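These figures come from a predicted structure and were not determined experimentally.
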Amino acid sequence: MSRKVVRASKFRHVFGQGVKADQCYDDIRISQMTWDSNFCSVNPKFVAMIVDASGGGAFLVLPLNKTGRIDMSQPTVCGHTGPVLDIEFCPHNDNIIASGSEDCSVMIWEIPEGGLVTPLNDPVVKLEGHSKRVGILSWHPTAHNVLMSAGCDNVVILWNVACGEAMVRIDSVHPDLIYSACWNRDGSQILTSCKDKTIRVLDPRKGTVIAEKEKTHEGSRPVKAVFVSDGKILSTGFSRMSERQVALWDPKSFGEPLTLQELDTSSGVLLPFFDPDTGIVYLCGKGDSSIRYFEVTDEAPYVHYLSMYSSKESQKGMGYMPKRGLEVNKCEIARFYKLHERKCEPVVMTVPRKSDLFQEDLYPDTMGPEPSVEANEWFEGKEGQPILISLKDGFATTTKTKEFKVHKSLLKTTSAAMGHQHDNSGEVHALQKEVKTLKETVEELTKRVSELESNN
């Protein structure tokens, strides 16, 4: 009688590999701030890293192909008056990036094609509404121009970036510092972890708690949590004895974890990155020199250890490339941008396959850059499912990148102590009316010109 000893999985032999030295980004002074965010954001066009800056906060944005030694005079994005704590590229426009800072503000920047040639000081939009530093940013996955920010004032704000307005302010849910905040796959729920050792699932528009679990991890060190497949939640934290843990929860029955595994006794906070296409979660510890990866499945023990990528140097931060930026002909299933003290090193995760042909089982249709709903529609209650794309021939944008439009006349400077929400529907209606009148005038003039031409 044969006994099945090893669990069958096509990802059992996934291996990580750092790229050659000439493909790294060298001589970059990565920020020394002790903050548990990624410090790096990346998309198929650019890589952005928070850097040390005197007299304020700055981050560097480089085109992906600008590898090698980066000149000291390389222009930065330097509009913040305090250190930058978090940055994130917009999923619907590769040239738009948001930054949160110790100066209590969130700024939205437009990076020109080909990268910066002069320092960028003026943001497209400045969002003011937090009374303490802003350490967490997350764009809505399917709604255009919706951004979530969380600050050290224990407040979560949802912004309509196009008109610079705070649409939802969740200020009575978290009694203490917010450690992490993220969306689910279609952006219909928010997941937060807090210093009170509780993880909460929130309704983003109402700001109410759908489900919560106290004491997910007994330790006092930061907890991070992300949504994984089927609405389940994966959390990383510490035990009472300061051992690092990873746990899987079902929000429908939050009583006991589906699984809880102890990993080691390192002190760095584990940053989880989940890939919904493969079901793999990557755990990158701040200050570690390794990336562990696990496969999340429906069968016990649910979170299966696959392997670990190890290197000599520790990581200060980590960027995660969206699926559409990977090289599918090399069976690359993930690419990380690992921040060292003075450089950024891409680390490639590969499934070994002999064939060079497109591997359909590794690359199901994945989330594309096209939003499925506009910001005002989403805030009014319309849900948007992700618009999926195929990576078969390597992804190329078929539609024009969603243009980033800011209604200057609608931009409002919200005071730091704002408690009420502005109603700009009257102004919007007036603008729409004006546009309609202009269109009619243009049509009339075009008609008259063609009449005159035909008479001549």
So, using salt bridge (Lys or Arg N to Asp or Glu O under 4.0 Å) as the criterion, who are the partners of [X] when residues are at least two apart?
X: Glu332; value: Arg335
X: Glu377; value: none
X: Glu262; value: none
X: Asp86; value: none

Are the side chain of [X] and the backbone of [Y] linked by a donor-acceptor contact shorter than 3.5 Å?
X: Gln261; Y: Val303; value: yes
X: Asn95; Y: Ile111; value: yes
X: Lys197; Y: Thr216; value: no
X: Ser193; Y: Val223; value: yes
X: Trp139; Y: Glu88; value: yes
X: Glu341; Y: Ile30; value: no
X: Lys323; Y: Asp275; value: no
X: Lys286; Y: Trp35; value: yes
X: Lys232; Y: Phe227; value: no
X: Thr208; Y: Asp203; value: no

Validation: residues 342-349 side-chain donor-acceptor distances under 3.5 Å, sequence neighbours left out:
from	atom 1	to	atom 2	distance (Å)
Arg342	NH2	Asp27	OD1	3.4
Glu345	OE1	His340	NE2	2.9

Query raised in the report: Among pairs that include at least one residue of residues 247-260, which meet side-chain hydrogen bond (donor to acceptor under 3.5 Å, both in side chains), considering only residues two or more places apart or in two chains?
Result: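 Listed once each, the pairs are Ser235-Trp249.
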
Query - Residue pairs passing the side-chain hydrogen bond (donor to acceptor under 3.5 Å, both in side chains) test where at least one lies in residues 265-274, sequence neighbours excluded - result: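 Every pair satisfying side-chain hydrogen bond (donor to acceptor under 3.5 Å, both in side chains) with a residue in residues 265-274: there are none.
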
Tell me, do [X] and [Y] make a side-chain contact under 4.5 Å, heavy atoms counted?
X: Arg244; Y: Asp288; result: yes
X: Val146; Y: Phe379; result: yes
X: Leu283; Y: Leu263; result: yes
X: Leu64; Y: Tyr337; result: yes
X: His174; Y: Lys195; result: no

Check: residues 97-109 side-chain donor-acceptor pairs under 3.5 Å, at least two apart:
from	atom 1	to	atom 2	distance (Å)
Ser99	OG	His80	NE2	2.7
Ser99	OG	Trp109	NE1	2.9
Ser101	OG	Gly82	O	3.0
Ser101	OG	Pro83	O	3.1
Ser101	OG	Asp103	N	3.0
Ser101	OG	Asp103	OD1	3.2
Glu102	OE2	Arg133	NH1	3.0
Asp103	OD1	His80	ND1	3.4
Asp103	OD1	Ser105	N	3.0
Asp103	OD1	Ser105	OG	2.8
Asp103	OD2	His80	ND1	3.1
Asp103	OD2	Thr81	N	3.0
Asp103	OD2	Thr81	OG1	3.4

**Report entry** Set of side-chain hydrogen bond (donor to acceptor under 3.5 Å, both in side chains) partners for Asn184, sequence neighbours left out
**Finding:**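 Testing Asn184 for side-chain hydrogen bond (donor to acceptor under 3.5 Å, both in side chains), a comparison that skips the adjacent residues, returns Asp186, Ser188.
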
Query raised in the report: Under the side-chain hydrogen bond (donor to acceptor under 3.5 Å, both in side chains) test, which residues partner Asn154, sequence neighbours left out?
Result: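 Expected list: none.
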
**Report entry** Nearest non-hydrogen partners of Leu116 and Gln74, listed with the distance
**Finding:**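 What the structure gives for the nearest pair is O-NE2, 4.2 Å.
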
Requested in this report: Grab the two heavy atoms, one from Ser31 and one from Asp52, that are nearest each other, plus how far apart they are.
Outcome: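 So the two residues come closest at CA-OD1, 3.7 Å.
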
Review item, side-chain donor-acceptor pairs of residues 289-298, under 3.5 Å, at least two apart:
from	atom 1	to	atom 2	distance (Å)
Ser289	OG	Ser311	O	3.3
Arg292	NH1	Asp264	OD2	3.3
Arg292	NH2	Asp264	OD2	2.8
Tyr293	OH	Val14	O	2.7
Glu295	OE1	Arg7	NH2	3.1
Glu295	OE1	Ser9	OG	2.5
Thr297	OG1	Glu299	N	3.4
Thr297	OG1	Glu299	O	3.4
Thr297	OG1	His304	NE2	2.7

Report task. Kindly write out the residues that satisfy side-chain contact (heavy atoms from CB on, under 4.5 Å) with Asp196, not counting sequence neighbours, or none if the list is empty. Result ->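 Residues passing side-chain contact (heavy atoms from CB on, under 4.5 Å) with Asp196: Pro175, Cys194, Thr198, Arg200.
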
Requested in this report: May I ask you to decide if the ring planes of Phe336 and Tyr320 are parallel, tilted or perpendicular, using 30° and 60° as cut-offs?
Outcome: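 Ring orientation, 0 to 90° scale: tilted.
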
**Report entry** Atom pair SG (Cys40) and CD1 (Ile50), whose distance is rounded to the nearest 0.5 Å
**Finding:**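 Nearest 0.5 Å value for the SG-CD1 distance: 9.0 Å.
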
